[in-house]
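Everything below concerns the one structure shown next.
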There are 2 protein chains.
Amino acid sequence: MDDPDPPVIGRRGSYAKGVARRQEILDRAIEVFAERGAYATSLRSIAQALGVSHAALLHYFDSREQLLIAVYENAEAKRHAVPDAPEQGGPVDVLVRAAAANVEVPGLVELYSTLVAASLEAGNITGRSYFTERFARVRRDLADRVRGGQARGDIRADVDAEQVAALLVAASDGLQIQWLLDPSVRLETLETLATLLGPPAAPSTDDRSAAGDQQATDGQPGPRL
Amino acid sequence: MDDPDPPVIGRRGSYAKGVARRQEILDRAIEVFAERGAYATSLRSIAQALGVSHAALLHYFDSREQLLIAVYENAEAKRHAVPDAPEQGGPVDVLVRAAAANVEVPGLVELYSTLVAASLEAGNITGRSYFTERFARVRRDLADRVRGGQARGDIRADVDAEQVAALLVAASDGLQIQWLLDPSVRLETLETLATLLGPPAAPSTDDRSAAGDQQATDGQPGPRL
DNA sequence: GTCTATACGTCGATAGAC
DNA sequence: GTCTATCGACGTATAGAC
């Protein structure tokens, strides 16, 4: 929608020198979020932290929202310990690690939730398409992992991989929010899903006799999911 | 949770005549949401739709946010077909019905998401405590239903009811958002969870041979969950 | 008690000078 | 590329009419 190359989210006049400055802005901005929370993070307060006027920021980003999205992308990208190597492991494993890493970055879940909520609004074309694509991509990745697990026999085969993927994303997002509001909601709750997704239990002879206290909540969910 | 006392969210000077006017405001406000989306719903635009000045609204509600929370509560309350009778059915059933009803009210999920996101912010004491309590209450109700299902043998007993409840809330909230962004994500995905929660499958002899296409995604999840 | 009028400070965004 | 100036709209607060 902008210059010669549209696919990047908030680029404007961005060559060589520009991208470096742009990166500076993003790095400083996430710190402002950590300090003051996402809500009070106006263009002006970010600009102040950088020692420039707020209008200057709009030379690098088309709007406040696009700056915020870029900040989120940046923070999330550098959240990955290993820079590139695609995440390894089953779908639940990946999500548990991601969720744990997310809540470590102050303000990140707030920022994400705010942006997602805003993306639901009617007029918000940019945010809407960004998160629509993002959700689709994440679901695609997870669905692949689910199918892998099913082929391996780690995950029960009588559920649709795409639907499980959507479920996993929803559960992960929702649990991070609940955890922020009330840390007694343990993030490991996601692993309960691993238990549920596990294969129909080793064919043992007891049907349902005295299903004791042996909760599978924090033990290994059997195979690596 | 409503009348005879102060724990109500946004009451100010409110007797007899006042509460009626207050109700008018809430009813009209949700319509504004339906028409213009939650985002553009400023105090001033709601006031305009009511034909009053925006300052007038602050006689009934302490702040914009408390008005929005009250609007949400009001819309959600009248969303229930049967006015009082506590919801019947298993945990998944209840959630599926609620989710379906939610997305029918234009702007309601947007409003909810916006308020939840705002409640995560540091300074927001009112919103934070409201949603913390709300989540706790909903989880409590669902956990009871889960335990009931477990006692009845409808739900596998090797998972913690509280954790399943948190999972259900998260999944429901998250799916509504994903559905709004991309209706190809079916709300019925929640019922996949019902399948997963079902008892360990009737003890049949086939271990895992040719797990065919028989997806349990939209059929009955066996018992009523 | 209900409401209008008005003012304050801040916001995102834009235009134009340097 | 960055500034200053300015715009309209916002949430909030207060004074005072009825």
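We use all heavy atoms of the structure for the numbers below, so side chains are in, but hydrogens, waters and symmetry mates are not. Quick note on labels: first sequence line is chain A, next is B, and so on, each numbered from 1.
As a whole-Å value, the separation of B:Phe61 CZ from D:dG11 P is 15 Å. B:Asn124 has its CG atom 14 Å from the C1' atom of D:dG11, to the nearest Å. Distance CD (B:Gln48) to P (C:dC3): 17 Å, rounded to an integer number of Å. For the pair B:Asp62 CG and D:dG11 P, the computed distance is 15 Å after rounding to whole Å. Spacing between atom CD1 of B:Ile46 and atom C1' of D:dA9 amounts to 15 Å, rounded to whole angstrom units. One can place CD1 of A:Ile25 at 11 Å from P of D:dG1, the figure rounded to the nearest angstrom. Between the NE2 atom of B:His59 and the P atom of C:dT4 there is a distance of 9 Å, given to the nearest Å. In this structure, B:Glu24 places its CD atom 12 Å from P of C:dT2, rounding to the nearest Å.
Among all heavy-atom pairs drawn from A:Glu162 and A:Ala143, the shortest one is OE1-CB, 3.9 Å.
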Report all interatomic pairs (protein N or O, nucleotide N or O of nucleotides 8-12 of chain C) with separations under 3.5 Å.
from, atom 1, to, atom 2, distance (Å)
C:dC11, OP1, A:Ser42, OG, 3.0
C:dG12, OP1, A:Leu43, N, 3.2
C:dG12, OP1, A:Arg64, NE, 2.7
C:dG12, OP2, A:Leu43, N, 3.0
C:dG12, N7, A:Arg44, NH1, 2.4
C:dG12, O6, A:Arg44, NH2, 3.4

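Residues that satisfy the salt bridge (charged side-chain N to carboxylate O under 4.0 Å, His left out) test with A:Glu110, not counting sequence neighbours, are absent from this structure. Every residue meeting the side-chain hydrogen bond (donor to acceptor under 3.5 Å, both in side chains) condition with A:Asp182, not counting sequence neighbours, appears here in chain and number order: A:Ser184, B:Arg139. A:Ser63 is linked by a side-chain contact (heavy atoms from CB on, under 4.5 Å) to A:Glu65, A:Gln66, counting only residues two or more places apart in sequence or in another chain. With sequence neighbours excluded, the residues forming a side-chain contact (heavy atoms from CB on, under 4.5 Å) with B:Ala75 are B:Ile30, B:Leu108, listed by chain and number. Residues satisfying the salt bridge (charged side-chain N to carboxylate O under 4.0 Å, His left out) criterion with A:Arg140, sequence neighbours excluded, are absent altogether. By the salt bridge (charged side-chain N to carboxylate O under 4.0 Å, His left out) test, A:Arg97 is found to be paired with A:Glu87, residues two or more places apart in sequence or in another chain being considered.
The salt bridge (charged side-chain N to carboxylate O under 4.0 Å, His left out) contacts involving residues 125-137 of chain A comprise A:Glu76-A:Arg134, where partners must be two or more places apart or lie in separate chains.
Contact between the side-chain N/O atoms of B:Tyr60 and the OP1/OP2 oxygens of C:dG1 is not found at any separation under 4.0 Å. Under 4.0 angstrom from either OP1 or OP2 of C:dC3 there lies at least one side-chain N or O belonging to B:Arg21. OP1 or OP2 of C:dC3 has not a single side-chain nitrogen or oxygen of B:Ser53 nearer than 4.0 Å.
Between B:Tyr112 and B:Phe131, the angle of the ring planes goes over 60°, which puts this pair in the perpendicular group of the 30/60° scheme.
Taking for each of B:Glu65 and A:Val52 the nucleotide of DNA chain D with the nearest heavy atom, the 5'-most of the two is the partner of A:Val52.
Rounded to 10°, the angle separating the first-five-pair axis and the last-five-pair axis of the helix from C:dG1-D:dC18 to C:dC18-D:dG1 equals 10°.
Base engagement by B:Ala55 is indicated by at least one non-hydrogen atom pair under 4.0 Å involving a base atom.
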